[in-house]
Structures are given as C-alpha cells and as structure tokens.
There are 2 protein chains.
Amino acid sequence: MATIQDVAKLAGLSRTTVSRVINDHPYVAEEKKRLVTKAMEELNYVPNSSAQRLRKQATETIAVYVPRITNPFFSQLVESMENAAAQKGYQLILCQTRYKKKQELFYLELLRTKQVDGLVLTSIENNWDDIKPYLAYGPIVLCNEYSDEAEVPVIHLDQVEGGYIGTKHLISQGYKRIGYCSGNHKSSRVAGDRRIGYLKAMKEAGLPVYPEWYYDSAYSVSDGMRIFSIIESQDNKPDSVFTGSDEVAAGIAKAAKKAGWRVPDDLAIIGFDNQPLAELMDLTTVEQPIDTIGRLAMEKMIEEILSKRPQRRKRTELPLKIIQRSST
Amino acid sequence: MATIQDVAKLAGLSRTTVSRVINDHPYVAEEKKRLVTKAMEELNYVPNSSAQRLRKQATETIAVYVPRITNPFFSQLVESMENAAAQKGYQLILCQTRYKKKQELFYLELLRTKQVDGLVLTSIENNWDDIKPYLAYGPIVLCNEYSDEAEVPVIHLDQVEGGYIGTKHLISQGYKRIGYCSGNHKSSRVAGDRRIGYLKAMKEAGLPVYPEWYYDSAYSVSDGMRIFSIIESQDNKPDSVFTGSDEVAAGIAKAAKKAGWRVPDDLAIIGFDNQPLAELMDLTTVEQPIDTIGRLAMEKMIEEILSKRPQRRKRTELPLKIIQRSST
DNA sequence: TTGTAGGCGTTATCAA
DNA sequence: TTGATAACGCCTACAA
C-alpha cells in the first residue's frame with residue numbers, strides 16, 4: 001500500500017505538498033500539482049482514511065438508528081437518508097435497536113468511541129436522560145420520533161393532526177363506532193400524539209370511546225389478523241378502525257375478507273403511511289412525507305456536524321394528508 | 001476527551017500497561033489491572049477507535065451492497081446480516097448501488113481507502129473484471145447474486161431449481177400457456193438461471209414458449225400492473241405467469257382483479273420470495289431462505305477477514321420450496 | 001510557493 | 001511484569 005511518503009518521493013516533493021494537492025489547498029504551483037497527480041496515479045495511491053480520521057478527528061460517517069430495517073416505514077426513511085448522505089460524501093452505519101433499550105445503548109457507544117460523527121434516531125427506546133450524556137461526544141438529530149426534553153433538532157410529522165384527520169375522515173363517512181389500534185410504546189410521542197388526535201376528533205363529534213375498542217401491540221400484518229379475530233368475537237363491535245400502520249390495516253382487511261366480512265360495509269379500515277401495500281390492498285390511509293423528513297434530517301445532521309456549535313432545540317413539523325381508497 | 005495517556009498518568013503507570021489492560025493481554029498484575037480499570041472509569045475513558053484502526057489496520061466494519069434497501073428482499077437480507085455482524089462486534093455500512101455501475105464503483109473505494117475490512121455484495125452491477133482488482137484490498141463475499149468468474153465465497157440459492165419448480169408447479173396444476181416475467185438484468189446469474197429452470201420445465205412438458213410471453217423490466221408492483229395491461233391487450237394470451245418476485249405478482253394480481261379477471265381461473269400467478277405481501281395477496285410463491293443466506297454470508301465474511309489467507313472460490317447453494325396459495 | 005517537524009491516540013517491539 | 005520508544009499515515013503550524 002502506497003503512502004503519502006511514497007508519492008512524495010516519486011514526485012520529488014515533500015509530504016506537505018502532496019497533502020496540499022490531496023486537500024485542494026491554494027498555493028501549489030500547477031506544475032507540481034501535475035507531478036503529484038501523476039505520482040499518485042502511478043502508485044495507485046489513495047489516502048488512508050483511518051489516518052485521516054485520526055488526524056482530523058472526524059469520520060464522515062453517521063449512525064442511523066431504526067428499530068428494524070424490514071419495517072417498510074423505516075427502510076424508506078433509511079433509503080432517503082442514505083441518498084442524502086451519499087450526496088454529501090457521508091457514509092451510514094445501520095443500527096437496528098430491535099426495540100431494545102440495551103441494543104440502543106450499545107450503539108450509542110459508536111459516538112463515544114468516535115466511530116461516527118453524529119447520530120440520527122428514528123425511534124427512542126431509552127429515557128432521554130440516558131441518551132443525553134452522549135451529546136457531549138457529538139450531535140444527535142431526531143427524525144420521526146420526538147421528545148420534549150431533547151434539546152436537539154427534531155424533524156417530525158404532526159401526529160396529533162394525523163390521528164385527528166384520520167378519525168375525522170371516518171366520522172365524515174358516517175362511521176360512529178370507531179376503534180383504535182396502537183403500537184403501544186409507552187414513551188412514544190408518535191403513538192401518544194396520534195391518540196390525542198383521535199380522542200380530540202371523537203370528542204368534537206360527541207362519539208363514545210370504549211376501552212374494548214382500544215387494541216394494542218399492533219405493529220405487523222399478523223397483529224392485524226389477531227386484532228380482527230378479537231373484533232369478531234366482541235359483542236360490542238366497532239364499525240370501523242383507525243390503525244397505526246398500513247401493515248396492521250392490511251392484516252385486519254385480509255382477515256375480515258377471509259371471514260366473509262365486507263370492507264368497508266361491515267368494517268371500515270384506515271391505514272397509516274401510504275406504503276405500496278396500501279395501494280395494493282385498496283386501503284384509505286394517512287400519507288406521511290417519509291422521503292422528505294429523511295432528507296431534511298440528514299441535511300440537518302450534516303449541518304450540525306460542520307457548524308461545531310452546541311446543539312439547539314429546533315422543531316420542524318411536516319403536515320400529513322388523507323389518501324382515500326375503498327376501505328372507508 | 002481522556003486519552004490513554006491521561007489514564008496512565010492517573011493510574012501512575014505507563015501507556016503500555018494501560019493498553020495491555022484494554023486488550024486483555026497476559027502479564028499484568030491483578031493489582032495494576034484494578035488501578036487501571038479504576039482510572040478508566042474515573043475519567044470515563046474509551047479507546048479512540050480511529051487511532052485503533054490506524055494502528056491495527058482493521059476497522060471491524062463491513063460494507064453491504066444492495067440495489068435499494070426498500071426492496072423487501074434486500075431489507076430482509078440486510079436485517080439478517082446486521083444481526084449476525086452485531087453479534088460478532090462488527091458494524092455495517094449500508095451501500096445502495098441504485099442499480100448503477102457508477103454508484104457501485106464509488107462504493108468500492110471504501111475498501112481501497114480502508115474504511116471497511118470487507119464487502120458483501122448482494123447484487124452485481126459491473127463486470128467482474130472491474131471488481132476483481134479490489135480483492136487486493138480485502139475480502140469480498142457474494143450473497144444471492146453470483147458469477148462464475150469470481151474466485152470468492154458465494155452463498156446463493158439454486159435459481160435454476162427455483163425457476164424449474166415454480167414452472168413445474170404451474171404445469172402440474174394444468175396450465176399450458178405459461179408466461180414469464182424477468183427483471184432482465186443482462187448479466188445477472190440469478191435471473192439467467194431462473195429462466196433456464198423455466199425453459200427446462202417447459203421443454204420437459206413439451207410446452208411452447210412464445211417471445212410475446214416474455215415480459216421484461218419487471219421489478220415492482222407497478223411493473224406488475226403494467227405487465228397485466230400488456231397481457232390484457234394480447235391476442236395470444238398466457239393462462240398463467242411465472243414472476244420473478246412477489247411484488248410483480250401482486251401487481252399483476254391487483255390489476256387483473258380490478259379488470260374483472262378471476263385469479264387463478266382467468267390467469268394464474270406465481271410469485272417469488274414469500275414476502276409478507278404474498279400471504280396478504282394469497283399468492284402461491286417460491287420461498288427463499290433469506291435469513292439463512294444473509295447469516296451465512298456474514299459469518300463467512302468475518303471468517304475471511306480473520307483468516308488473512310487469500311480468498312478461494314466456494315459455493316454454498318441452498319434449496320427453495322413452493323408455498324401454495326390460491327393464486328394457482 | 002515549498003519544506004520541516006510535531007502530534008493525532010494506539011499498539012508492538014524490545015529491553016530492563 | 002513493566003516501561004521507553006517507534007511506528008501506523010496523515011495534516012498543519014511555522015519557518016524559509
């Protein structure tokens with residue numbers, strides 16, 4: 001492996017001059033620049049990035065936290081972040097927290113050991129108090145999930161509004177017995193706010209909210225199928241359900257059809273996200289501008305890294321909208 | 001930020017001894033070890049990984065190449081690889097090639113600049129001749145996609161068999177006019193072998209293969225919908241189609257039902273992968289053990305990194321099986 | 001416009 | 001069992 005020294009020797013110049021050429025510094029004579037470039041090519045030289053990192057105290061690498069990459073919401077988020085990062089010459093380290101506090105803490109060490117310049121969290125497992133100390137080692141940006149205590153930039157969606165317009169939509173279609181599914185992450189603002197929006201819409205319309213119409217642990221298609229079987233067995237059945245995700249909605253729709261129910265006549269269903277799945281299953285859903293928040297979060301992250309100032313709280317909240325299909 | 005020097009000073013010992021403790025070397029007196037550990041805790045010390053990388057010439061990081069992470073096949077592959085890597089203390093850098101040669105070449109530089117210890121490729125955009133030179137900088141393992149020229153370990157699925165059993169299944173159900181969808185990557189062995197399996201089954205059964213029943217550029221749900229509209233407009237229509245993926249199959253099924261066709265009576269459809277989607281849409285499909293190949297590939301990668309020997313060709317081929325549902 | 005030299009934080013070699 | 005010292009490869013004052 002050729003080093004900067006080898007290049008310098010071959011070009012008949014000093015390491016300094018070679019370094020200047022590599023880093024595009026001013027005050028290098030055109031002729032020497034050519035000499036260096038030629039030597040670099042001849043030796044098939046590339047700067048060793050471990051050495052650069054050590055010297056510059058920067059890695060040009062960002063860690064992205066997701067619960068699981070197979071969740072389509074998060075894979076889309078990661079795709080848009082990777083695009084934005086690559087464009088600015090940054091790499092992404094993928095960290096799957098698997099919904100576990102311990103796994104999240106494990107990955108936080110990446111920042112402390114200087115393996116990455118910053119962290120983008122799309123979900124939060126631990127209390128903010130346990131994450132906060134890591135701010136001493138580099139910037140953190142929240143994307144999607146949020147927290148009131150966190151004094152960092154947050155790019156997220158207006159989940160109160162999401163819950164509200166989704167529920168309102170059902171109400172406007174004449175449904176009155178509206179059930180609610182939730183992922184039930186105790187500390188999740190996303191889930192909490194969405195529920196606030198739902199309750200607000202229900203209250204405004206003077207509709208009742210029964211505890212038996214609250215279905216929790218709803219994440220996946222199979223959770224949706226399980227929830228349908230609960231609904232099927234209930235005496236006091238809802239006539240429609242607000243779900244937290246297209247997967248859950250799809251699972252309910254699938255199980256309902258299988259049981260001979262008509263959607264939306266016997267049960268209306270509204271999803272969340274507008275995944276390809278929603279179109280396939282003809283689900284009305286609440287669309288989230290996933291690519292946009294991913295890109296904005298990554299751009300913000302890089303801005304934070306470059307402007308070495310201490311971080312400040314800054315909320316960017318994006319709107320949501322209903323996509324109507326045949327499930328409502 | 002505390003350095004090893006600070007720890008040494010506080011413990012009243014040399015850097016060497018501290019380093020020995022960090023790296024669990026023998027010949028450190030228990031008492032000094034305690035002293036060092038205490039000093040490390042007091043200073044909240046962690047070794048700087050950039051310095052370790054430079055010194056050890058290793059990064060404990062692996063780059064994983066996928067075309068796009070939003071493709072569920074690849075996100076599942078990445079999930080299983082990340083699990084396997086994390087278990088052995090390795091990180092993953094996510095590289096989306098976006099089906100582009102140039103992007104793939106761009107990311108190959110990660111290996112040359114020593115940002116990663118090795119590469120796992122799940123798809124191949126460039127000719128092997130253009131990738132081969134990078135073997136000089138570290139190990140490469142192929143997972144899913146393969147190539148005959150590549151003298152590296154390959155973990156893949158028996159795609160000939162996949163095409164064969166999928167087609168055979170249709171034949172056994174009485175279909176005779178069997179269409180074929182393909183992603184049409186010229187150089188892809190996955191696509192090529194699968195087609196070989198299809199042709200083999202057709203030939204054995206003495207069934208005709210018409211060029212107009214070959215549908216290319218089939219990757220996504222919307223490609224499937226496009227393909228259905230082609231089928232609909234054809235005079236000589238197939239009675240069934242073998243698709244390269246559940247997404248394409250789902251798209252065809254969706255468009256067919258919308259147009260009032262019955263599946264499988266008017267058109268039978270077989271998918272590939274056994275994604276959650278396949279269950280939702282009731283698609284018969286060819287199941288691939290994605291998690292297994294992901295894990296095996298990552299374990300092989302780490303083995304290659306540790307055993308600094310030159311790489312050798314080694315094929316690991318896993319079987320596939322039919323999952324029957326109502327689309328055939 | 002170019003070069004000298006020191007240091008980023010570790011670890012490995014050698015000597016004690 | 002411990003320590004001094006020299007790399008690893010690069011960048012950047014500072015001096016010329």
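Please read all numbers here as calculations on a predicted model, not as lab measurements. Just so we're on the same page: letters track the sequence lines, and every chain starts at 1.
Comment: K300(B) engages E303(B) in a salt bridge, judged by a side-chain N to carboxylate O separation of less than 4.0 angstrom. Using a 4.0 Å cut-off between charged side-chain N and carboxylate O, E125(A) and K100(A) make no salt bridge. A salt bridge links D148(B) with R315(B): the closest approach of a Lys/Arg side-chain nitrogen to an acidic carboxylate oxygen falls below 4.0 angstrom. A salt bridge between R295(B) and E82(B) is absent, with no side-chain N of the basic residue lying under 4.0 Å from a carboxylate O of the acidic one. The pair R112(A)-E109(A) meets the salt-bridge criterion, with a side-chain N (NZ, NE, NH1 or NH2) lying under 4.0 Å from an Asp/Glu carboxylate O.
Here the shortest heavy-atom pairing between A2(B) and Y45(B) reads O-CD1, 3.4 Å.
In this entry the distance linking CD of Q5(A) with P of dC8(D) reads 10 Å, nearest Å. Residue K33(B) contributes atom NZ, which lies 12 Å from atom C1' of dT1(D) at whole-angstrom precision. A straight line from OH of Y27(B) to C1' of dA15(C) spans 16 Å, rounded to a whole angstrom. Rounded to a whole Å, the CD1 atom of I22(B) is 11 Å from the P atom of dA12(C). With rounding to whole Å, D6(B) atom CG is found 9 Å from dG9(C) atom P. Remark: P of dC10(D) and CG of D24(A) are 17 Å apart, rounded to the nearest angstrom. Atom NZ in K9(A) sits about 14 Å away from atom C1' in dG9(D), given to the nearest Å. Rounded to whole Å, the distance from NE2 on H25(B) to C1' on dG3(D) is 15 Å.
Side-chain N/O atoms of T16(B) include none lying less than 4.0 angstrom from OP1 or OP2 on dG3(D). Contact annotation: T17(B) reaches the phosphate of dG3(D) (side-chain N/O to OP1 or OP2, under 4.0 Å). Phosphate proximity of dC10(D) to Y45(A): present, with a side-chain N or O under 4.0 Å from OP1 or OP2. Put simply, Q57(B) has a side-chain N or O that comes within less than 4.0 Å of OP1 or OP2 on dG9(D). Within the structure, a side-chain polar atom (N or O) of K32(A) is placed less than 4.0 Å from OP1 or OP2 of dT2(C). Q52(B) has no side-chain polar atom (N or O) that falls below the 4.0 Å cut-off from OP1 or OP2 of dG9(C). The phosphate of dT11(C) (OP1 or OP2) has a side-chain N or O of N23(B) nearer than 4.0 angstrom.
Side-chain contact, T59(A) with Q115(A): no donor N or O sits under 3.5 Å from an acceptor N or O.
Here the side chain of A51(B) is nearest to one of dG3(C), dT2(D), dT10(C), namely dT10(C). Checked against dT2(D), dT11(C), dC11(D), the side chain of I4(A) finds its nearest nucleotide in dC11(D). In the set dG9(D), dT10(C), dT2(D), the nucleotide with an atom closest to the side chain of P47(B) is dT10(C). Comparing dT10(C), dT2(D), dT11(C) by their nearest atom to the side chain of K56(B) picks out dT11(C).
Counting atom types as modelled, R15(A) pairs a side-chain N or O with a base atom of dA5(C) as donor and acceptor under 3.5 Å. Checked by distance alone, R55(B) brings a side-chain donor or acceptor within 3.5 Å of a matching partner on the base of dA7(D).
In terms of position on DNA chain D, the residue among A29(B) and L54(B) whose nearest nucleotide sits closer to the 5' end is A29(B).
T3(B) comes within 4.0 angstrom of sugar-phosphate atoms only, judged by non-hydrogen atoms across all strands, and of no base. Counting any heavy atom pair closer than 4.0 Å across all strands shown, V18(A) reaches no nucleic acid atom. At a threshold of 4.0 angstrom between heavy atoms, the contacts of R53(B) with the nucleic acid are absent.
For the helix from dT1(C)-dA16(D) to dA16(C)-dT1(D), the angle separating the two terminal helix axes comes to 40°, with each axis derived from five pairs and the value rounded to 10°.
A distance of 7.0 Å separates CG in L94(A) from OH in Y107(A), rounded to the nearest 0.5 Å.
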*Would N144(B) and S123(B) satisfy side-chain contact (heavy atoms from CB on, under 4.5 Å), going step by step from the backbone distance to the final call?*
CA-CA 7 Å; N144(B) 176 53; S123(B) 70; 5.8 Å; no
